[in-house]
Amino acid sequence: MNWLFLHSNQILTFVKSITDGKLLIVPVLIEGSWHLQAQNPDSINEFPNSPFRATESLKTFLFIPAESVGGEIPSEKETVIFGAKSCDLPALQILDKLFLEGAFEEPFYSERRKKTIIIAEDCSDCLPSCFCVAVGNTPYPENTADLIFSDVEGGKLVAAATERGEELLKKHGGSFSAATELQLSEQKEKRNAIKEKVKISLQEQKIEIPENIAEILQKKWPDKIWEKIAETCVECGACNFVCPGCHCFSLTDELTSEGKALRTRVWDACLSENFTRVAGGANPNKKREVRLRHRLERKFIAPYEAEEGYACSGCGRCIDACIGKLDMRKIIQEVANA
Ligand code: SF4
Ligand code: SF4
């Protein structure tokens, strides 16, 4: 990557010039949690970033929870999202593959994705639920985002990871200079330190995630283990909804009071009993433990067999959101030790 340096006194000018009339989404600290929210560019006083990932993933803005898909494709406003983290980006690759690269390009996602600039930055801290390093990810972005930022003494290092990012730097990067060897080694040091911090956080919580997750989950474990694990699941679907990579949806059709047909796409959740229920009431995944196991298999076995790595980036959102206190790291550990 070609790293450039932006002095701290140029940062705000850069943020404002890149935003220029677009919708701006930034991380905002609300009651102790970071949330991605629309913000007036004039109210920004510093580079918009959070120490770790926000509660919402990028999915919330690109593949929105409920939308009308029966009519015209709306023209979306150009948007800039600051504060994406490394654990958001593999999920974006999953959504892009599914909605943009198949035989059929999904026009609603495509319209938003093409008009959204993604700016990512290294994590400087981690949450107890973070486990990116245990699933082959890093706490610093290396691809997919248009621009990637790292903190260094006196400013930021920035690199483009897409063609759009290159164009942005050409257009708005007048005040950048080439990164020095010293700055690059400072970046390396900081990146190693945050990686180590995530590992130590896992050790302190006594969480040991084995490397061969796919092999462990592939074994035929007695149903009793899964029954016990799934005991506290209340089927709220929060784990699916907060996951940056979960993308299942259902379509509902209704008549409005004016007699117009309305087709709506809404996020669906494989933890819900209705997810696989078909006409006549048959349901191959009627049992809760089967559904829970199915979710883990979809995250760790199917993509692994297709040589695509894991479909889980270790963001930990499903752990924080689970009302039943289910923690997929501990589930894997429990199954491995069974
Ligand atoms: S968040 Fe927890 S309780 Fe809710 S469906 Fe997922 S596993 Fe079950
Ligand atoms: S499965 Fe959980 S930890 Fe993995 S990417 Fe989804 S929300 Fe994050």
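All values derive from a computational prediction rather than experimental measurement. In each ligand, atom 1 is the first atom listed, and ligand 1 is the first ligand listed.
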Could you tell me, atom by atom, which parts of ligand 1 come under 4.0 Å of a heavy atom of Glu235? 5 (S), 8 (Fe)

Hey, which atoms in ligand 2 end up nearer than 4.0 Å to a heavy atom of Phe131? 3 (S)

I need the atoms of ligand 1 closer than 4.0 Å to a non-hydrogen atom of Val234, numbered in the order shown. 3 (S), 8 (Fe)

With a 4.0 Å cut-off, would you call Arg293 and Glu297 a salt bridge? yes

Quick one: look up the protein heavy atom nearest atom 5 (S) of ligand 2 and list residue, atom name and how far away it is. Ser313 N, 3.4 Å

Taking only heavy atoms of Gly316, which atoms of ligand 2 are found under 4.0 Å from at least one of them? 3 (S), 8 (Fe)

Apply side chain to side chain contact (heavy atoms under 4.5 Å, CB included) to Leu202 and Lys199, showing your working. CA-CA 5 Å; Leu202 291 172; Lys199 285 184 190 164; 5.8 Å; no

Protein contact to atom 6 (Fe) of ligand 2 [nearest heavy atom, distance to 0.1 Å]: Cys243 SG, 2.4 Å

Report whether any nitrogen, oxygen or sulfur of Cys239 sits less than 2.8 Å from atom 4 (Fe) of ligand 1 (N, O or S, backbone or side chain). no

For the pair Glu166 and Lys170, find out whether any cationic side-chain nitrogen is under 4.0 Å from an anionic carboxylate oxygen. no

Walk me through whether Tyr140 and Lys195 qualify under side chain to side chain contact (heavy atoms under 4.5 Å, CB included). CA-CA 8 Å; Tyr140 43 84; Lys195 211 167 159 181; 3.8 Å; yes

Only heavy atoms of Cys322, strictly under 4.0 Å: list the atoms of ligand 1 that pass. 1 (S), 2 (Fe), 3 (S), 7 (S)

Charged N to carboxylate O under 4.0 angstrom, Lys219 versus Glu215? no

Quick note on ligand 1: atoms under 4.0 Å from a heavy atom of Gly237 include exactly 4 (Fe), 5 (S)

Just jot down the ligand 2 atoms closer than 4.0 angstrom to any heavy atom of Lys299, in number order. 1 (S)

Quick check on contacts: which atoms of ligand 2 are under 4.0 angstrom from a heavy atom of Met328? 1 (S)

Test: Asp20 and Lys171 ion pair at under 4.0 Å: no

Between Arg53 and Asp88, is there a salt bridge with N-O shorter than 4.0 Å? no

Quick check: do Val80 and Ile119 have side-chain heavy atoms less than 4.5 Å from each other? yes

May I ask you to check whether Cys318 brings an N, O or S atom to under 2.8 Å from atom 6 (Fe) of ligand 1? no

Is it the side chain (CB and beyond), the backbone, both or neither of Arg295 that lies under 4.0 Å from ligand 2, heavy atoms counted? side chain

List ligand 1 atoms under 4.0 Å from Cys236, heavy atoms only on the residue side. 1 (S), 3 (S), 4 (Fe), 5 (S)

Do Leu36 and Ile117 sit in one hydrophobic cluster, given that two such residues count as connected whenever their side-chain heavy atoms are within less than 4.5 Å of each other, even indirectly? no

Output field: ring centroids Phe176/Phe14 closer than 6.0 Å: yes

Is there a heavy atom of Gly245 sitting under 4.0 angstrom from any atom of ligand 2? no

Around atom CD of Glu101, are there more than 12 heavy atoms of other residues, nucleotides or ligands at under 6.0 Å? yes

Are Glu67 and Arg265 close enough for a salt bridge, meaning some N to O gap below 4.0 Å? yes

If hydrogens are left out, which of Ser272, Ala321, Cys233 has an atom nearest to atom 8 (Fe) of ligand 1, that is, the closest non-hydrogen atom? Cys233

Any idea which atoms of ligand 1 are less than 4.0 Å away from a heavy-atom of Leu326? 7 (S)

So does Cys315 have any N/O/S atom less than 2.8 Å away from atom 8 (Fe) of ligand 2? yes

Please list the nearest protein heavy atom to atom 4 (Fe) of ligand 2 with its residue and the distance rounded to 0.1 Å. Cys312 SG, 2.4 Å

The atoms of ligand 1 lying under 4.0 Å from a heavy atom of Leu271, numbered in the order shown, are 5 (S)

